[in-house]
Protein chains: 2
Amino acid sequence: MLKYLDHMDAVFSALADPSRRSMIDRLSRGPASVSELAAPLEMSFPAVVQHLAVLEASGIVRTKKVGRVRSCTLEPGILSSAEEWLEQRRTTWQKRLDRLGAFLDDTNPPPLPKKDQSND
Amino acid sequence: MLKYLDHMDAVFSALADPSRRSMIDRLSRGPASVSELAAPLEMSFPAVVQHLAVLEASGIVRTKKVGRVRSCTLEPGILSSAEEWLEQRRTTWQKRLDRLGAFLDDTNPPPLPKKDQSND
DNA sequence: CAGATACTTAAGCATTTGCTTAAGTATCGC
DNA sequence: GCGATACTTAAGCAAATGCTTAAGTATCTG
């Protein structure tokens with residue numbers, strides 16, 4: 001397997017598949033066995049196991065085998081890290097817009113404190 | 001190109017590549033031409049154009065050609081939608097933990113405030 | 001107009017991904 | 001023990017991905 005230079009690669013790659021997102025969705029409601037994760041998915045059991053391996057490699061899911069059942073749980077911190085990456089870029093963009101707005105306000109001061117519409 | 005059943009596929013797939021994330025990062029600081037996006041990336045120009053096409057298909061980036069220069073801008077709403085998907089699952093998980101905690105508090109009042117834990 | 005700049009398009013190729021089937025192995029319940 | 005259950009592992013394959021080079025086409029600049 002190829003090693004990810006950036007861990008975000010693994011996280012966003014794992015999130016990029018609808019079957020894997022459905023597994024995450026299921027696990028957000030509580031731990032589940034591999035069979036439970038597989039039940040709603042229309043694919044072979046080994047295919048589900050492979051998806052699970054991707055989720056586990058990314059750190060999104062942790063599993064632990066008890067007897068013959070593998071129990072899977074969500075690791076919410078990893079989802080947070082992805083959220084933070086997105087938030088950071090989005091807010092950088094937003095701040096830039098705010099600065100631009102302030103600059104325009106300074107350069108060209110507000111003429112009338114009207115609320116409804118501008119005309120002329 | 002294959003049509004995505006779920007638009008989140010396109011968004012998270014686009015985010016899964018480090019070159020594309022670096023392009024998003026650059027664009028979060030303001031609009032840029034394709035050449036500007038390509039400059040820090042150690043790959044051929046057509047490769048960058050292909051990455052840009054992925055970003056544009058996902059809706060994360062919008063582009064507009066002015067003269068011979070294609071100007072690229074970030075579409076922050078798409079990043080928000082990805083953020084919301086993650087937040088929703090993470091908070092569903094968190095709420096479940098909170099409910100579980102409340103249940104345990106009701107059933108079995110707190111004995112000792114321990115901080116350590118080990119398992120496996 | 002001519003040459004430089006900024007993409008654009010097409011073809012090809014190695015690797016990765018997402019499945020499949022066909023085998024295992026390791027508990028569990030009687 | 002013995003069959004059912006719950007995975008596990010391996011091999012194979014079609015399609016998608018991430019590049020490449022080699023050619024375009026516009027649009028500026030002098």
Side-chain angles (χ1 to χ4, degrees), chain A residues 1-27 30-58 60-73, chain B residues 1-24 26-27 30-58 60-73 120:
Chain A
M1 194 199 284
L2 195 118
K3 225 176 143 188
Y4 286 112
L5 294 175
D6 189 329
H7 186 248
M8 280 303 158
D9 284 20
V11 176
F12 285 123
S13 286
L15 290 165
D17 184 275
S19 304
R20 288 195 292 262
R21 283 199 308 282
S22 103
M23 292 164 81
I24 292 172
D25 197 54
R26 167 63 189 80
L27 290 174
S33 69
V34 183
S35 299
E36 283 170 335
L37 291 180
L41 300 175
E42 294 187 348
M43 64 180 67
S44 70
F45 192 82
V48 175
V49 172
Q50 283 166 24
H51 280 305
L52 181 59
V54 172
L55 289 170
E56 206 173 353
S58 74
I60 294 174
V61 168
R62 261 193 318 136
T63 76
K64 187 189 176 187
K65 194 151 186 180
V66 179
R68 63 184 164 173
V69 176
R70 179 164 297 276
S71 182
C72 311
T73 60
Chain B
M1 196 199 285
L2 193 119
K3 223 176 145 188
Y4 285 110
L5 294 175
D6 188 329
H7 186 248
M8 280 302 158
D9 284 21
V11 175
F12 285 122
S13 285
L15 290 165
D17 184 275
S19 303
R20 288 195 292 261
R21 283 200 307 282
S22 104
M23 291 164 81
I24 292 172
R26 167 63 190 81
L27 290 174
S33 69
V34 183
S35 299
E36 283 169 335
L37 292 179
L41 301 176
E42 294 187 347
M43 63 179 69
S44 69
F45 193 83
V48 175
V49 172
Q50 283 166 25
H51 280 305
L52 181 60
V54 172
L55 288 170
E56 206 173 354
S58 74
I60 294 174
V61 168
R62 260 191 319 134
T63 77
K64 188 190 176 187
K65 194 151 187 182
V66 179
R68 63 184 163 171
V69 176
R70 179 164 298 276
S71 182
C72 310
T73 61
D120 246 73

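Just so we're on the same page: letters track the sequence lines, and every chain starts at 1. Just so it is clear, the structure is predicted and the values come from calculations on it, not from any experiment.
In terms of position along DNA chain C, the nucleotide closest to B/S35 lies nearer the 5' end than the nucleotide closest to the other residue of the pair A/A47 and B/S35.
Rounding to whole angstrom units, CE of residue B/M43 and C1' of D/dG18 are separated by 8 Å. Here C/dT20 presents its P atom at 11 Å from CG of A/L41, a figure rounded to the nearest Å. In this entry the distance linking CZ of B/F45 with P of D/dC19 reads 15 Å, nearest Å. Rounded to whole angstrom, the span from the CD atom of A/E42 across to the P atom of C/dG18 amounts to 18 Å. Nucleotide C/dT8 holds its C1' atom 9 Å from the CZ atom of B/R70, rounded to whole Å. A straight line from NZ of B/K64 to C1' of C/dA6 spans 18 Å, rounded to a whole angstrom.
Without hydrogens or angle criteria, A/S22 side chain to A/S19 main chain gives a donor-acceptor distance under 3.5 Å. No side-chain donor-acceptor contact under 3.5 Å links B/R26 to the backbone of B/L37. A distance-only check finds no donor-acceptor pair linking the side chain of A/R20 to the backbone of A/H51 [under 3.5 Å].
Using modelled atom types and a 3.5 Å distance limit, the side chains of A/T63 and A/R70 yield a donor-acceptor pair.
Among the nucleotides C/dT8, C/dC19, D/dA6, the one closest to the side chain of A/D17 is C/dC19. Nearest to the side-chain atoms of B/Q50 among the listed nucleotides D/dT8, C/dA10, C/dG18 stands C/dA10. Set against C/dC7, D/dC7, D/dT21, the side chain of B/S44 has D/dT21 as its closest nucleotide.
Residues satisfying the side chain to side chain donor-acceptor pair (under 3.5 Å) criterion with A/S44, sequence neighbours excluded, are absent altogether.
Contact annotation: B/H51 side-chain N/O to D/dT17 OP1/OP2 distance is not under 4.0 Å. Within the structure, every side-chain polar atom (N or O) of B/S33 is placed at least 4.0 Å from both OP1 and OP2 of C/dA6.
Atoms CG and CE, from A/D25 and A/M23 in turn, are 12.0 Å apart once rounded to the nearest 0.5 Å. The CG atom of B/D17 sits 14.5 Å away from the CE atom of A/M8 when rounded to the nearest 0.5 Å.
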When every nucleotide of nucleotides 22-30 of chain D is labelled 5' to 3' by its protein contacts under 4.0 Å (heavy atoms), B for base, S for sugar-phosphate only, - for none, what sequence of letters results? B----BS--
